[in-house]
Structures are given as C-alpha cells and as structure tokens.
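As structure tokens, the structure follows; a few thoughts come after it.
What you are looking at is a predicted structure, and each value in this text was computed from that prediction instead of being measured.
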Amino acid sequence: MTEPRSDLPAGVRPWPALWALCLGFFMILVDATMVSVATPALMRDLDADVNEVMWVTSAYLLAYAVPLLITGRLGDRFGPRNMYLTGLTIFTVSSLWCGLTDDIRQLIVARVIQGLGAALLTPQTMTVITRIFPAVRRGQAMGAWGAVAGVATLTGPLVGGILVDAAGWEWIFFVNVPVGIVGFGLALWLVPALPRRSHSFDWLGVVLSAAALFLIVFAVQEGENADWAGWIWAMMAAGAVVFAAFLFWQSRNPGEPLVPLSLFRDRNFSLANIAITTVGFAVTALAFPFMLYAQNVLGYTPVEAALLTVPMAVLGGVLAPFVGRMADHLHPRWIAGVGLTAFPLGLVWLALVMSPGTPVWQILLPMALLGVGNGFVWSPLSTTATRNLPMAAAGAGSGVYNTTRQFGAVIGSAAIAVAMQAFLAGNGLPAQTGAGPTRLPEELHGAFSTAMAQSMLLPAAVMVIGLIAVQFFARPAHMVRKAAA
C-alpha cells in the first residue's frame, strides 16, 4: 500500500475540525460506560435483575457494532460530515427517549436506536482524521483522538455517578440532549465537506455479519440463565458458521466487499485490530463488577464509587497526547506494549484488594496503574492501524477498526454478565444479589466481594492476547524511510 497524503480542502483548519468531531465521539463513549454506575439504581427502579440490566448495555453495543462495517462506507459515499450529523441527531433524540422510559424493555429498545446513531457517527471521526492529516502528523492527531476515547470510557462512571446521585439515572441520558445540540452546531461550522467517493454496498455481507454477531452475543449473554442448554451451544455454533460464510463471501464478492480482506495484508493493521478488540472487551467489562462491589460492599454512593476511578481517568487523559507524539517517532510495539502490560496487571492488582473494609488508598493505586495502561493503548493502536491505509480505503479501514473495537466491547459486556452470575452462584449467592433498595447485608459482603473480584480476572486474561499481538508489530514505513535517509 502506498502511504496516503492529506485530503484537506484549501482553507480548512484540521485541528478545529478534529475537536468538533471529538465532542460527539466523547459523548457516545461516555454514554456507553455511564450505565455501569447506574446498575444498582436501574435494578431497583425498573425491577430488573443483573442480566436484564446488562442487556441495556449489550443491546446498545450490539446495535453500535453491527452497522459499523457499512457506515464507514456511507461516509465515503454521502460525505463523512453528513453521516456524522445524521448519527448525532439520531443519538440525541433517542437519548431523550431513554430518559423518559419507565420500563426495562422499552429502555433496551431505545438503547438499540441510540446504538444505531452511534454507529453512523463513530467511523466518520477516524475517516476525517485519516483524510485531513498527513501520515507524518497523524500520530499527534490520533493521540488527541485517543485521549478523548480513553478519558471518555473511563470518566463515564464518574459523570454517571454524579448524575445518578444528584438527579436520578434518567439524567445519564437527558444530559446528551444539550451536548448533542452543541456538537451538531460545531460540526456543521468546523468540519469540512470532503470529496465523496462512489461505493457499491454489500448488503449480503451486512446481513451475514449482523446475524453472526447477534447469534454469538445473545448465546453468550443468555447462556447462564438457560443453564447452558443445548440450544445455547447450537446458537453459538450457528453464529460461527454464519461468520465463516461471511468471510467466504467477502473473499469471493465480485463487486466491492464489505470488508476488503486486502486491508489485512498489512500486518500492523491486522495486529492492531486484534489488540483493540481486547481493549474494548476489558474497558467495557471492568466497570460492572467494580461498581457493584464499591456500592454494595463498601457502601459508597454512585458518585463516591465513581470518584475511585479518577486516577485512572486523569492519568489516561494526561498521558494520551504525549503518547500520541511518541507514536510518530518510536516503534509502536514498545509503546502499545507498555499499555497492554500495565492494564492487565492493574486489573489483577485491583481484584486482589477487592474485599470488605479495603481502605481507599489500596484501591487508588491499582486504579493509577490502569490509567497508565489506558494512556498507552489508544493512540499507538489507532495510529498503527491507519498509518498505511490509502485514501480510498479510509472509510472501510476505520469501519473495520471501530467494528473490532466494538465487537470486543459487545463480547465483554455479555461475558462479564455471565462471569458475574457464575461467580455469584459459585459463592452461594443469587443473580439478583445487590439489587435491593438497601445496602447488602454485612454477612454477604465477603462472598459478594470474592465473586466480583473473580470476575475482574476475565478482562485481565483477555488483554494478554492483545499484549502478545503487539509484539509482532512491524516498524512503520515512514520510520524505515527515515532510518534509510
């Protein structure tokens, strides 16, 4: 692949455009994680169990992930700014619906619509970065994008805690309305209308990928409730078969496939997608057991529980821009390796201290290590994935990359629900433990803490896969040319 150039129209300033896009991107990522801190309140107010509340997140993430492969192409066809504004509008209106509902099933449906809006919006941010920043400056731009992504996913619980404490869980959705309106105006003003590219659309690929993802996620999340009955395993097997059919069709599609498999000839693109999948899994999964532990065992309010994540959010946000600049000059293997080592170590450390009566300082230390890990993963992975993509593949590449990240998040949400239910049962507790209107009885604190701590080890183990993947990164082409000169 030849190294891409900038696609910036004359007279347009790239940085203001980037920050305008990042406002909407920040909002949807915050929204994806705010629900974790509201889990006890949702269980109580909507008379729901753990699995039903987890579907509030999983339904959103599933609807977010499935269309991403084609929404990047829609941006190429109809203009990334137009698709961004459309997605932001859908997301903002559906946020209002989420806040107005008083039934768990209606909330899940509204979250599906939210996810569709997020799917239209997200790939346009990476597409615009790829097209308006030259390759030699893209690491710095992706560093800013990575800072937004990292801070958003980790400050979501903090923002959610403040809103739940002050006004009720409904406001984790209502707050999106004014932010969405401001974001719409800024994007309309600052984001350039980039040249459009004609694309055909692989609708069979869309159907196959959507069916495969739904079958797998539904089976994983409902497996524990169904006592892992035969139909659960049959559904997972069917999902794998449909996914294999999707890959086969992509390799044989005579037109324009949904996923150009030629993208994966670039080793760094392939490895970065593996790694970001594990990051999406872990970032989504870790919040749920930790927030349930902090509120039900330590007795913290939602905002107090969320304040425990401040070291993670602050360090991640402070480090990300510096790491972005480093990504233009240092081998991505070492930069991403730091993050993918620190993150699972922080999760294991946190699991070890999650017990009744743990002092705050013992929680803040592993949280700080998680912040270091977070700061070192987003920028090097996104920069390495997109560095060598040609302009014509910008939409497809960003769609694939964001899809794999969201696929990790969807599986993480489903898998952590299974893990929590399994470990609660293994420690002699029902799945509804912690859903009551009062604090968890003290005699259950030990067993509940153990179950939540054991659940934290799942995302830690998954991230090790990402750590292994980045060790095989090749030196980026611009670094090779610079060394030769």
Side-chain angles (χ1 to χ4, degrees), residues 48-70 104-105 107-109 111-113 115-116 119 202-253 257-259 261 264 273-274 277-278 280-282 284-285 288-289 400 403-426 429-432 451 454-455 457-459 461-462 465:
D49 61 23
V50 167
N51 192 57
E52 287 175 319
V53 172
M54 290 302 296
W55 266 114
V56 173
T57 296
S58 292
Y60 170 80
L61 294 175
L62 189 60
Y64 188 172
V66 168
L68 280 173
L69 289 171
I70 198 168
I104 189 67
R105 292 169 184 82
L107 179 58
I108 291 170
V109 172
R111 289 282 278 170
V112 168
I113 306 303
L116 294 174
D202 179 10
W203 295 112
L204 177 58
V206 172
V207 172
L208 290 173
S209 62
L213 192 54
F214 175 79
L215 288 168
I216 293 170
V217 170
F218 187 88
V220 169
Q221 183 144 335
E222 291 298 317
E224 186 69 20
N225 281 344
D227 199 25
W228 298 101
W231 67 268
I232 289 288
W233 295 107
M235 182 174 280
M236 279 196 278
V241 170
V242 174
F243 184 69
F246 167 73
L247 292 178
F248 178 80
W249 168 242
Q250 296 306 287
S251 68
R252 295 291 187 270
N253 186 347
L258 189 62
V259 176
L261 297 182
F264 293 94
N273 274 276
I274 293 172
T277 301
T278 69
F281 184 108
T284 301
F288 291 98
V400 171
T403 297
T404 57
R405 176 176 60 83
Q406 282 305 118
F407 177 77
V410 172
I411 298 298
S413 175
I416 201 66
V418 173
M420 288 191 296
Q421 291 179 82
F423 287 124
L424 283 170
L429 300 173
Q432 291 78 14
Q454 290 170 336
S455 300
L457 298 178
L458 175 61
V462 169
I465 300 172

[X] (side chain) donor-acceptor with [Y] (main chain) under 3.5 angstrom:
X	Y	value
T404	T277	no
S251	F248	yes
S209	V206	yes
W228	W233	no

Taking atom [atom1] of [X] and atom [atom2] of [Y], what is their separation to the nearest 0.5 Å?
X	Y	atom1	atom2	answer
L458	F423	CG	CZ	7.5 Å
F218	M236	CZ	CE	12.0 Å
L215	I232	CG	CD1	11.0 Å

Using side-chain heavy atoms (C-beta onward) and a distance below 4.5 Å, is [X] in contact with [Y]?
X	Y	value
R405	Y64	yes
F243	L247	yes
F264	V259	yes

How far apart are the closest heavy atoms of [X] and [Y], and which atoms are they?
X	Y	result
I416	S455	CD1-O, 3.5 Å
Q250	G205	NE2-CA, 3.9 Å
A119	A63	CB-O, 4.1 Å

Please list, chain by chain and in numerical order, all residues satisfying side-chain contact (heavy atoms from CB on, under 4.5 Å) with [X], sequence neighbours excluded.
X	value
L213	L62, A65, V66, V217, F407
L208	L204, V242, F246, W249
I108	W55, V56, A59, I104

